[in-house]
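Reviewing the structure listed below.
These numbers were taken from a predicted model, which means no experiment stands behind them. Computed over heavy atoms, backbone and side chain alike; hydrogens, waters and symmetry mates excluded. Lettering of chains follows the sequences in order, A, B, ..., and the numbering in each one begins at 1.
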Amino acid sequence: MNDATDEAVLIQRCRRGDNDAFGMLVRRHQDGLFNGIYRMVGDYHDAADIAQDVFLKAFRAIDTFRGGASFYTWLYRIAVNTCISRRRSLAARKANLHVPLDTGDDAPGCDPPASQPGPQQQAQSREDCERLEQALGCLPEDYRIAIVLKDIQGYKYAEMAALLGCSVGTVKSRLFRARETLRGILE
Amino acid sequence: MNCNNARQFIMEHLDGELPPAATRELQQHLAQCEACRIEMDRQQHLIGRVKSLPHEPAPEGFAEALARAAEAESRSTSRNRWLRRYGAMAASIAVFLVAGVMFVKTQSTDSGSCLPCQARRQGEFTDDAPPADELQRELEIDRLDSPARSKALPILPQAAQQNAAANDQAPQGALAKAGAPSEIGGKAEAITTHEAETDPVLGLAKAGAQTAPLEAEPPAATARASKAGAIANRELLADAAALPPPDAIVSAADVNAAAAQVAEVLGRHCVNVTIGAGADGSMTVIGRLAHLQKDAAEGRLREPYDDARTSVLAELRKSSSLTMQRAGEYAGREARRPLPEADAEKFKQGTIDRGLRGRAAADPLLINILIVPQPARAAVPAVEADPGAAVMEAKPAEESGN
């Protein structure tokens, strides 16, 4: 039984009220979903809260999942919507394109070190990542979501368009502007 | 390709989504344009940085916490489903019960015109509480065919109404409304099914029906209605048998107060009112609205029929519970009289609801309030001196023997 079939079986069991099946679906997707949410909202505790909310929403609405997209994509769509509504309701972290960030072109990236990094390397990498996270947090919400969907979740333009409910052209232009803006913040 | 186009193409190329033809075009441009090569390096660097952000796994114990939350929600959902399912069933049962009891009552009542209006015309309303024997006669005429039905419901002293109002904190029961006659047998619309939870013993129900020809009722629907009615009636009788004998004692003042409130609500809308006790050992019908349309047609209604009907229903929802509850206590002992055998058999068979359809064909609006009596309870002291109270309270043993 392959993963897709296995997942379909789990979903069917979940529809019949099998909480164990739901637990297995959660364990299968929790890390990917949590990471995506964390990158969208930028706060660990908010991300945990939203992730739980997303899974519970999915649990309640499992009967409406028709299998047109993958279950994970369906989950992620719920996650994006939840993040947007949550962020709007909190009115938090509004876009601020004037945050001075002391990073330059020569700032080292976050590429994982090839071998065991020394303490200094680790500290440098951590600092770079924090700057990048901070810059992501400064992006307007739709820009941030576009970058997370593409660069962290690895969705194709068409998938992003379906997730976000917009055209592929909009996705491209939004992503282009998002990266330009992010680069402007980092520079 | 110019540099502006190239920048967009670079992004799509780095994302792996640039078509081959466009990729070749881009490569030709990059070969000639150093600025765009630098731009591509910068974009690639940025994307690399974002992609290399550490992967944050879900917090430890996330799945377990979620499982607990889902389990709690599952229990809650199950409970809600149960409430929806059985709440609707309870409402349906209440409607069929009302239909059954209505038939019993319609066997012995005519379809005269608006009693309060008649009474007003005849000047029979007084400010005095009626003597007990008169009240008893009122109750009797509700069950028996009698020309005395033209006797009007008395309007009661303000004190009695205040007395009734003092009991306004009593829990409400289930309210259910039957729809148009074509719906009586088949389906019912619950008004406030949640109220059924407030008092599992004392349930109140009311049924409304508008005039429609009997032929409009499909035979299959009639059969279903009869079957459902029979089931509902049997269930109710079984429930009633399990109840202890009612021994609540109420004063005439209580009943009078109830009547006053009914009269106040219904009289304002010029609708027929009767107060009476039923019938089968478990319930009684104590109030009835009828002839609203007839009254409207005959110019006795002060407002358009639809407005009046809406207003009556709204008013009943707001104010009938007190009336019904107090009268229900009275019904507790009145209902000891057995249902006449023939009617009892009809009631058990569920065919009794056909009587309601027959009645509905004659009456534009029937609203009955069904009372399931409260279980045994201590005697309720007379709340105020009333000449009827002493008489009525002296008779429970005699009535219980019936």
Enter the distance from [X]:[atom1] to [Y]:[atom2] here, rounded to the nearest 0.5 Å.
X: A:L186; Y: B:L46; atom1: CG; atom2: CG; value: 6.5 Å
X: A:E130; Y: B:L53; atom1: CD; atom2: CG; value: 11.0 Å
X: B:E56; Y: A:I152; atom1: CD; atom2: CD1; value: 10.5 Å
X: A:K150; Y: B:L14; atom1: NZ; atom2: CG; value: 10.5 Å

Counting heavy-atom pairs under 4.5 Å to chain B, which of [options] comes out on top?
options: A:K156, A:R39, A:E180; answer: A:R39
options: A:A48, A:G23, A:A51; answer: A:A51
options: A:L175, A:N35, A:V148; answer: A:N35

Between [X] and [Y], which heavy-atom pair has the shortest distance, and what is it?
X: B:E39; Y: A:R183; value: OE1-NH2, 3.0 Å
X: A:Y44; Y: B:A58; value: OH-C, 4.3 Å
X: B:P59; Y: A:F34; value: CD-CE1, 3.6 Å
X: A:F176; Y: B:Q43; value: CE1-NE2, 4.0 Å
X: B:H55; Y: A:D31; value: NE2-O, 3.6 Å

Give, as side chain, backbone, both or neither, the part of A:F22 having an atom under 4.5 angstrom from any heavy atom of chain B.
side chain

Please flag which part of A:L33 lies under 4.5 Å from any non-hydrogen atom of chain B: side chain, backbone, both or neither.
neither

Do the non-hydrogen side-chain atoms of A:E187 and B:R42 ever get within less than 4.5 Å of each other?
yes

Please look at B:E64 and chain A and tell me whether the side chain, the backbone, both or neither of the residue comes under 4.5 angstrom of a heavy atom of that chain.
side chain

Is it the case that the side chain of B:E17 and the backbone of A:Y157 share a donor-acceptor pair, with hydrogens and angles ignored and the cut-off at 3.5 Å?
yes

Using a strict 4.0 Å threshold on nitrogen-to-oxygen distance, state whether A:D151 and B:R49 make a salt bridge.
no

Option in B:Q8, B:K51, B:M11 with maximal non-hydrogen atom pairs under 4.5 Å from chain A
B:M11

